[in-house]
Amino acid sequence: MWKSLVIHRKELALQNTLVNGQCFNWKKLAPDHFQGILGDFFVTLKRAADNDTHLHYMTIPDDSDGKFLTLFKRYIQYDTVKVQELYAEWSLRLKHFKEIASHIEGVRCVRQDPWECTISFICSQNNHIKRITAMLEVMRQQYGQYICDVEEPVETDASSKEEEKKEPLKAIRKIYRFPTVDELKKATEAELRGLGFGYRAKFIVQSVKMIEEKGGDKWFESLRGKPLEKVRAELVTLMGVGNKVADCIALFSLDCADSVPVDTHVFQIAQKLGYIKGLKFQASMTDKLYVEIGDAFRKRFGDKAGWAHQILFAGDLDSFKEVIAESKKRSLGEITKEENVSEIKGGAGKANPEEGPKQIQNVKRLKK
DNA sequence: ACACTACCTGG
DNA sequence: CAGGTAGTG
């Protein structure tokens, strides 16, 4: 049974929020048509082309008591964050932010379950979204609780396309929820390797054990509300969790809106644009440098810098790449030149008077 | 503190 | 090479 929730496209664009790399539990069936697994529910989300204000949803099991709606609202931070206000504020404050953001409206950070988020991002290292999504699907099917069957059009390759054009093949996809700590505890390294997790298999097994020893879900909950530095320090103790993954977990599941995950791409952009203090080029990421780049973002965007980061880099997906690549480059360059940005509400980071755009002269290639 | 590398797998 | 990390000099 279909129901609907009032939320404008500009507050939540399914494409820009659900499959931008912050979570891996959603599948795009068509534009504005997605399916995913959220808690105990299998969810279908849809927007009509002629309706900007309503989001339609259907779940299995049916949401007869509104339990899903509560869960979903918390997931998208419906009551707590208005992204249009953030867009407006940064657009006003920072030249060209608007230019970028106008191409990628409705980007939100979702508030995920920290346990699922942690395992997901351990899988994300040195990996791409498509495979991460596939790996986690396998993990759910192997260790999670069964929810339901869903009929889906089967993926066709080019050669067989002709014959299947008339009546597209349907396949049954079995939907399972994400395993609990106890459920995933049963997985062995060999098992996970066999399932295609590669060298991450060991990290998962060890981290699951560590998480359990620390108290599981209760440990994660105890991290909420703590400052980012503290949260990151705790998370980094897990095997397979470094700064970047820790920041992803903090931002996407533990309410650290000021967390700025610095991946290789952000690192390279920051370097070229002189986000980094001093003129000396550094070939590799260090703890110090990592924090420095994050601080540069926090100084410019304030206590929700992680959201700004997410909006700016959500556009790095193929669908947007060409459209905004140029405007983004200019924009980020512009941002470094902005004065007085530390006045932004809740602006964090230390003021640094002598900081300014410094073109790095001899930027050698990062990778060969 | 920083540099460098191995590491699973597949597009 | 891909939205990294642990381990080693």
Side-chain angles (χ1 to χ4, degrees), chain A residues 16-24 104 107 109-110 112 117-139 155 157-158 187-207 209-210 232-253 259-271 276-278 280-294 297 306 308-321 325 328 332 364-368:
Chain A
N16 299 346
T17 291
L18 265 26
V19 290
N20 68 9
Q22 65 177 319
C23 53
F24 310 96
I104 43 173
V107 178
C109 289
V110 291
Q112 300 171 238
C117 194
T118 299
I119 300 301
S120 298
F121 278 95
I122 288 176
C123 294
S124 80
Q125 61 181 76
N126 208 312
N127 209 347
H128 49 272
I129 293 177
K130 189 176 163 129
R131 185 154 83 107
I132 301 163
T133 307
M135 282 163 60
L136 292 168
E137 170 100 2
V138 168
M139 179 175 284
E155 308 267 343
D157 56 12
T188 67
E189 181 184 341
E191 222 168 59
L192 290 170
R193 273 187 178 270
L195 292 169
F197 286 81
Y199 61 82
R200 302 163 197 82
K202 182 165 65 180
F203 295 163
I204 293 169
V205 171
Q206 294 199 38
S207 273
K209 187 185 290 182
M210 294 171 81
R232 188 186 335 183
E234 288 282 343
L235 292 172
V236 158
T237 63
L238 298 174
M239 186 60 64
V241 176
N243 284 327
K244 192 267 181 179
V245 168
D247 270 346
C248 287
I249 301 165
L251 176 60
F252 302 135
S253 77
S259 167
V260 179
V262 180
D263 58 33
T264 51
H265 185 216
V266 175
F267 171 47
Q268 290 179 44
I269 300 263
Q271 188 145 243
I276 301 162
K277 279 178 288 191
K280 211 181 296 170
F281 174 85
Q282 284 183 221
S284 63
M285 179 66 74
T286 62
D287 283 4
K288 185 171 173 243
L289 186 51
Y290 184 96
V291 172
E292 206 171 292
I293 294 172
F297 267 86
H309 160 278
Q310 195 63 14
I311 293 163
L312 290 171
F313 290 92
D316 285 339
L317 302 172
D318 301 335
S319 37
F320 306 107
K321 221 160 197 166
K328 176 162 63 188
L332 286 177
K364 56 182 173 181
R365 292 166 63 194
L366 291 170
K367 296 172 183 178
K368 38 179 182 33

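Lettering follows sequence order; numbering is per chain, from 1. Computed from heavy atoms alone, side chains included, the values below leave out hydrogens, waters and symmetry copies.
Nearest-nucleotide mapping onto DNA chain C: of A:His309 and A:Leu238, the residue sitting toward the 5' end is A:His309.
Note: CG (A:Leu312) to P (C:dG3) measures 18 Å, nearest angstrom. Counting to the nearest Å, the P atom of C:dC1 and the NE2 atom of A:His265 are 15 Å from each other. The CG atom of A:Leu289 sits 12 Å away from the C1' atom of B:dA1 (whole-angstrom rounding). Rounded to an integer number of Å, the gap from A:Leu235 CG to C:dG4 C1' is 15 Å. Atom pair A:Met285:CE and C:dG3:P shows a separation of 15 Å (rounding to whole Å applied). Separating the CD atom of A:Gln268 from the C1' atom of C:dG3 is a distance of 11 Å, rounded to the nearest angstrom. Distance, A:Met135 CE to C:dG3 P: 14 Å, rounded to whole Å.
When side chains are defined from C-beta on, A:Gln310 counts as touching A:Phe252, because their heavy atoms get closer than 4.5 Å. A:Thr17 has its side chain within reach of A:Val110: a pair of non-hydrogen atoms, C-beta onward, lies under 4.5 Å apart. A 4.5 Å side-chain heavy-atom check between A:Lys244 and A:Met285 finds every atom pair outside the cut-off. With a 4.5 Å cut-off on side-chain heavy atoms, A:Phe297 and A:Val262 do not count as touching.
Annotation for A:Pro261 and A:Leu251: closest pair CD-CD2, 3.9 Å, computed over non-hydrogen atoms. Minimum heavy-atom separation, A:Glu234 to A:Thr237: O-OG1, 2.6 Å. The minimum heavy-atom distance linking A:Met239 with A:Ser207 is given by the pair O-OG, 2.6 Å.
Residue-level contact check: A:Leu192 touches neither bases nor backbone, having no heavy atom under 4.0 Å from any strand.
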Table please: side-chain donor-acceptor pairs of residues 122-132 of chain A below 3.5 Å, with sequence neighbours left out.
unit_1   : atom_1 : unit_2   : atom_2 : d
A:Ser124 : OG     : A:Phe121 : O      : 2.8
A:Asn127 : OD1    : A:Arg131 : NE     : 3.3
A:Asn127 : ND2    : A:Cys123 : O      : 3.1
A:Arg131 : NH1    : A:Gly196 : O      : 3.2

(message) Show me the dot-bracket string of DNA chain C, counting Watson-Crick or G-U pairs under 3.5 Å, with | for pairs to another strand and [ ] for crossing ones.
(response) ||.||||||
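Close to B:dA1, at under 4.0 Å from its OP1 or OP2, lies no side-chain N or O of A:Thr286. Close to C:dA2, at under 4.0 Å from its OP1 or OP2, lies no side-chain N or O of A:Thr264. Taking 4.0 angstrom as the limit, A:Ser124 places none of its side-chain polar atoms (N or O) nearer than this to OP1 or OP2 of C:dG3.
Only the C1' atoms considered, B:dT5 is 15 Å distant from C:dC1, to the nearest whole Å. For the P atom pair drawn from C:dG7 and B:dC8, the interatomic distance equals 13 Å after rounding to whole Å.
Using bins of under 30°, 30° to 60° and over 60° for the plane-to-plane angle, the ring pair A:His309/A:Phe313 lands in the tilted bin.
With sequence neighbours left out, A:Glu191 forms a salt bridge (charged side-chain N to carboxylate O under 4.0 Å, His left out) with no residue at all. Listed by chain and residue number, A:Arg232, A:Leu235, A:Val236, A:Val241 satisfy the side chain to side chain contact (heavy atoms under 4.5 Å, CB included) test with A:Ala246 (two or more places apart in sequence, or in another chain).
For the segment residues 239-250 of chain A, the set of residues with a heavy atom within less than 4.0 Å of an atom of DNA chain B is empty.
A:Ser259 places no side-chain N or O within 3.5 Å of a backbone atom of A:Gly306 that could act as its donor or acceptor partner.
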Under-3.5 Å N/O pairs linking protein and nucleotides 7-11 of chain B:
unit_1 : atom_1 : unit_2   : atom_2 : d
B:dC8  : OP1    : A:Arg193 : NH2    : 2.4
B:dC8  : O5'    : A:Arg193 : NH1    : 2.7
B:dC8  : O5'    : A:Arg193 : NH2    : 3.0
B:dC8  : O4'    : A:Tyr199 : N      : 3.0
B:dC8  : O2     : A:Arg131 : NH2    : 2.9
B:dC8  : O2     : A:Arg200 : NH1    : 2.8
B:dC8  : N3     : A:Arg131 : NH2    : 3.4
B:dC8  : N3     : A:Arg200 : NH2    : 3.3
B:dT9  : O4'    : A:Arg131 : NH1    : 3.2
B:dT9  : O2     : A:Arg131 : NH2    : 3.3

